[in-house]
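Let me begin by presenting the structure, written as structure tokens, before commenting on it.
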Protein chains: 2
Amino acid sequence: MVVKQTMSAAMAAMEQEADAGKTQGTGTQTLLRGLALLECVAAGIGDVKGIAARLGTPRSTTNRMLSSLVAEGYLHHIPYKGYLLGPKLIQLGMKALEQRPLVAIARPHIEALAETTGDTVHLGVEENGEVFYLDKIPGTRGLEMRSRTGQRMPLASTGLGKALMLGMPPARWQALHALTCPAEPPAGRPRPADWPVFQEQLTRYVAQGWAMDLEENELGIRCVAAPVRDGRNLVVAAVSVASAVPYMPEDRMTTLGPLVRATAEAISKDLGWTAP
Amino acid sequence: MVVKQTMSAAMAAMEQEADAGKTQGTGTQTLLRGLALLECVAAGIGDVKGIAARLGTPRSTTNRMLSSLVAEGYLHHIPYKGYLLGPKLIQLGMKALEQRPLVAIARPHIEALAETTGDTVHLGVEENGEVFYLDKIPGTRGLEMRSRTGQRMPLASTGLGKALMLGMPPARWQALHALTCPAEPPAGRPRPADWPVFQEQLTRYVAQGWAMDLEENELGIRCVAAPVRDGRNLVVAAVSVASAVPYMPEDRMTTLGPLVRATAEAISKDLGWTAP
DNA sequence: AGAATTGTCCCACTATTTGGCACCAAACAA
DNA sequence: TTGTTTGGTGCCAAATAGTGGGACAATTCT
């Protein structure tokens with residue numbers, strides 16, 4: 001901060017818009033300014049004057065940072081034309097995408113979700129036509145679910161699976177549905193709705209951003225699920241909240257939906273996703 | 001610099017080696033250190049001790065920067081586990097990919113290429129089954145080529161086109177070849193080799209990283225071309241050097257190949273590409 | 001339980017960054 | 001062309017922002 005602790009109220013008033021909200025007393029002004037500069041360029045401001053204005057830094061300081069960032073490849077410079085995000089950022093972005101450990105990232109979020117709902121929370125990914133359970137937090141209602149991390153399940157009969165399907169082209173839905181529902185339904189076992197109805201459901205789920213499972217995978221168990229996306233806006237995982245029917249009346253599911261979706265989006269953001 | 005005034009001449013000598021070449025970067029130590037830190041994490045070093053060691057910064061300083069970077073989303077922190085590249089980097093990486101103006105980036109490189117070869121240089125991208133000429137630098141040999149920026153040409157009969165095809169799955173080659181070579185060859189007009197031979201050629205081009213055009217598009221004109229890739233390792237453009245046959249004997253083409261390829265790779269690097 | 005690593009403070013010192021200014025080069029407008 | 005604006009580069013005295021040592025608590029490993 002430019003402001004000294006001895007400054008008068010009048011001066012403080014004049015400081016106004018410059019650095020508005022964030023007065024986080026960190027000890028890395030130059031670094032933070034540099035990062036702000038990057039984001040400024042990302043926002044499309046490529047001229048020195050505009051950047052200096054946006055950051056509230058004088059021309060010389062701005063130029064100093066700009067040339068350092070260019071030298072390091074974080075910005076690309078077209079003399080007398082402007083600045084653009086540089087190749088290094090692309091590389092780091094790719095690396096970031098690779099080294100992201102989904103489970104560790106998601107853990108705090110699903111823990112929070114488990115905490116507020118009291119139900120069992122799952123995290124899963126798609127792996128050749130099936131759901132693969134990556135993580136699970138048992139509910140606090142005493143009842144235990146059969147699911148285990150490392151387990152596999154059909155896509156079309158589980159909440160997680162349906163959430164994962166929301167990210168696929170609708171053309172693939174039917175094949176996956178067929179995969180889950182063999183020609184001869186095992187007597188007495190639950191199963192998803194027949195194709196036309198199923199398609200209708202998925203279409204609705206896409207619109208609302210979360211999916212339901214009404215005892216289709218296991219009798220007496222209902223769940224609500226939502227897809228997790230990465231920086232490329234691809235669905236890479238899904239989160240679900242599951243519980244026994246008595247704890248999961250229809251109206252609670254509709255309340256839970258947006259909450260699960262919000263959790264999924266929070267994870268997505270940690271994966272580099274940004275809202276459309 | 002971190003070095004105290006008490007350092008010996010010997011240490012000074014080692015310091016010079018350490019950051020030799022970068023005599024320029026002054027006035028932004030904190031920023032540069034922060035960026036170095038990012039690259040350190042990108043390199044897979046996620047523990048505080050390792051990072052501090054790699055950067056040569058004391059623990060307290062390292063931690064200070066780390067927490068700032070985490071606060072800004074450039075790093076992701078899993079307490080007592082380590083640091084990873086953060087979501088912000090993914091976002092910036094995506095933005096960088098978008099806002100990259102291929103032509104402006106490539107210009108200096110193809111100018112250099114035109115300069116050293118004296119021939120006409122082209123830059124082009126693929127656009128639904130055709131080459132689209134984005135930029136052209138006329139040769140200095142007096143002869144003028146018909147090509148114009150903004151023009152479209154078949155993929156399979158041009159050097160640029162073949163270079164672009166090198167990045168496609170071989171399964172698509174035949175269709176594109178057929179698209180270029182209609183059933184009835186227009187009498188007297190040049191055309192690419194027939195399919196089996198053509199396929200053989202492309203396979204060889206893939207291996208060597210650059211392609212040739214032997215008067216297949218225009219009689220009397222030969223060219224050498226190489227593909228340009230972006231940060232995702234996808235072929236997004238191609239560069240070619242073209243000239244009249246007398247200036248393009250076979251042996252010159254083999255000399256030119258690696259040069260054109262090098263230029264294409266230089267552009268690729270500016271687009272965030274890194275060697276395999 | 002002990003050892004090793006990490007997260008979090010604090011604080012005096014000074015090296016690092018600041019920002020004003022001045023000059024030149026390019027770009028743009030007329 | 002000329003005049004005007006914006007961009008690139010360098011210098012330098014001033015002081016702020018950053019440094020790094022150290023002490024302590026929390027956490028994980030073994």
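Letters A, B, ... mirror the listed sequences (proteins, then strands); counts begin at 1.
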Phosphate contact (C/dG19 OP1 or OP2) by A/R33 side-chain N/O below 4.0 Å: yes

Donor on one side chain, acceptor on other, B/T57 and B/T62, under 3.5 Å: yes

First of A/K49 and A/T28 reached from the 5' end of DNA chain D, by closest nucleotide: A/K49

Check ion pair A/E127-A/R152 (N to O, under 4.0 angstrom): yes

Rounded distance in Å - CD1 (B/I78) to P (C/dT5): 20 Å

B/T30 side-chain N/O to C/dT17 phosphate OP1/OP2 under 4.0 Å: yes

Atom-to-atom span, CG of A/L32 to C1' of D/dT16 - whole angstrom: 15 Å

Below 4.0 Å: OP1/OP2 of D/dT6 and any side-chain N or O of A/Y83: no

Side-chain N or O of A/H77 closer than 4.0 Å to phosphate OP1/OP2 of D/dG7: no

Sidechain N-carboxylate O distance under 4.0 Å for B/E265, B/R261: yes

Closest-nucleotide 5' rank along DNA chain D - winner of B/R59 and A/R59: A/R59

Beyond-backbone contact of A/V41 with B/K95, side-chain heavy atoms, under 4.5 angstrom: no

For atom CG of A/N63 and atom P of D/dG10, their distance in whole Å: 11 Å

Separation of atom CG in B/L69 from atom P in D/dG18, rounded to whole Å: 13 Å

Touch class at under 4.0 angstrom, heavy-atom based, for A/T57 against every strand present: nothing

C/dT16 OP1/OP2 closer than 4.0 Å to side-chain N/O of A/Q29: no

Min side-chain heavy-atom separation A/Y74-B/L38 under 4.5 Å: yes

Euclidean distance, atom CG of residue A/L31 to atom C1' of D/dT19 [Å, nearest integer]: 14 Å

Whichever of B/D47 and A/R64 has its nearest DNA chain C nucleotide further upstream toward 5': B/D47

Which residue lies more 5' along DNA chain C, comparing A/S60 with A/K81 via nearest heavy atoms: A/S60

B/I51 CD1 - C/dG7 C1' separation (whole Å): 14 Å

Integer-rounded Å distance: D/dG7 P and A/I45 CD1: 13 Å

Geometric class of the B/H77/B/Y83 ring pair [parallel <30°, tilted 30-60°, perpendicular >60°]: parallel

Exercise: identify the closest heavy-atom pair between A/H76 and A/P87: CD2-CD, 4.4 Å

Rounded (10°) bend between the five-pair end axes of the helix from C/dA1-D/dT30 to C/dA30-D/dT1: 70°

